[in-house]
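First the structure, in the form of structure tokens, and then the observations on it.
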Amino acid sequence: MEETEKEPIRAASEEVSREFKTLINAEDLDSLKQSQNLILGRLQDSNAVLSHFNDYSEHCFAEVSGDFSRNTRLLRSMKSDLDYIFQKLRSMKSRIIATYPDAFPDGSTGEVLDRRPDLEMPQ
């Protein structure tokens with residue numbers, strides 16, 4: 001565009017901006033800026049507190065994660081040991097019943113279901 005065409009556009013935009021300035025109260029604008037600065041300060045404070053909490057949580061997790069993994073391995077080992085023991089007990093009981101049918105006279109010779117909860121399955 002040529003300079004002669006830009007001049008009326010510039011004059012019109014200046015007139016529109018002057019009209020907008022008359023629509024807005026300067027005190028309201030200052031109050032709005034002050035509220036925004038107050039909110040910004042509060043958000044920055046909250047962000048700092050959350051960052052500190054995240055750092056603290058990360059530190060605590062680093063301290064206990066080794067214990068968690070070690071205890072998890074121990075519990076899984078204990079579970080496999082107990083499963084093996086119960087399997088052996090069931091086979092011993094079935095051999096005793098086969099050899100001595102009257103060894104368990106109270107009717108406990110029926111199929112006994114394993115009533116232990118499966119801790120690896122979500123409930």
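Numbers here simply count residues along the sequence, with the first being 1. Everything numeric in this text was worked out from a predicted model, so none of it was measured.
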Review point. Considering residues at least two apart in sequence or located in another chain, which fulfil the side-chain contact (heavy atoms from CB on, under 4.5 Å) criterion with E7?
Key: E3, R10
Practice item. Supply the atom-to-atom distance Q44 CD to N37 CG, rounded to the nearest 0.5 angstrom. Key: 9.5 Å
Donor-acceptor pairs under 3.5 angstrom involving side-chain atoms of residues 66-73: please list them, not counting sequence neighbours.
| residue | atom | partner | partner atom | Å |
| --- | --- | --- | --- | --- |
| D67 | OD1 | R70 | NH2 | 2.2 |
| S69 | OG | S65 | O | 3.3 |
| S69 | OG | G66 | O | 3.0 |
| N71 | ND2 | D67 | O | 3.3 |
| T72 | OG1 | F68 | O | 2.7 |

Check your understanding: Which other residues belong to the hydrophobic cluster containing L40, where Ile, Leu, Val, Met, Phe, Trp and Tyr are joined when side-chain heavy atoms lie under 4.5 Å apart, directly or via other members?
Key -> none
Check your understanding: salt bridge (Lys or Arg N to Asp or Glu O under 4.0 Å): which pairs involve residues 25-46, sequence neighbours left out?
Key -> none
**Study point:** Gap between atom CG of L32 and atom CD of Q36 - 0.5 Å precision
**Key:** 4.5 Å
Check your understanding: So which residues get pulled into M92's cluster when ILVMFWY side chains under 4.5 Å apart are joined, directly or through others?
Key -> none
Exercise for review: List, by chain and then residue number, the residues other than V49 in its hydrophobic cluster (Ile/Leu/Val/Met/Phe/Trp/Tyr, side-chain heavy atoms under 4.5 Å); write none if there are no others.
Suggested key: none
Revision key, fill the gap. Residues joined to L50 in its hydrophobic cluster, side chain to side chain under 4.5 Å directly or through other members, sorted by chain and number, are none
Review point. Cluster question for you: counting only ILVMFWY and a side-chain heavy-atom cut-off of under 4.5 Å, with indirect links fine, are V16 and L23 together?
Key: yes
Practice item. Calculate, to the nearest 0.5 Å, the distance between atoms CZ and CG belonging to R76 and L74 respectively. Key: 12.0 Å
Check your understanding: Considering the options R95, Q87, K93, which one meets the side chain to side chain contact (heavy atoms under 4.5 Å, CB included) requirement together with S91?
Key -> R95
Check your understanding: What residues form a salt bridge (Lys or Arg N to Asp or Glu O under 4.0 Å) with R18, not counting sequence neighbours?
Key -> E15
Point to revise | Set of side-chain contact (heavy atoms from CB on, under 4.5 Å) partners for Y56, sequence neighbours left out | key: C60
Point to revise | Listed partners of E63 passing side chain to side chain donor-acceptor pair (under 3.5 Å), at least two apart | key: H59
**Study point:** Whether T99 side chain and I96 backbone form a donor-acceptor pair below 3.5 Å
**Key:** no
Check your understanding: Can you check side-chain contact (heavy atoms from CB on, under 4.5 Å) on E19 and T22, steps first, answer last?
Key -> CA-CA 5 Å; E19 288 297 321; T22 61; 4.1 Å; yes
Check your understanding: Residues two or more places apart in sequence or in another chain: which of them pass side-chain contact (heavy atoms from CB on, under 4.5 Å) with L43?
Key -> I39
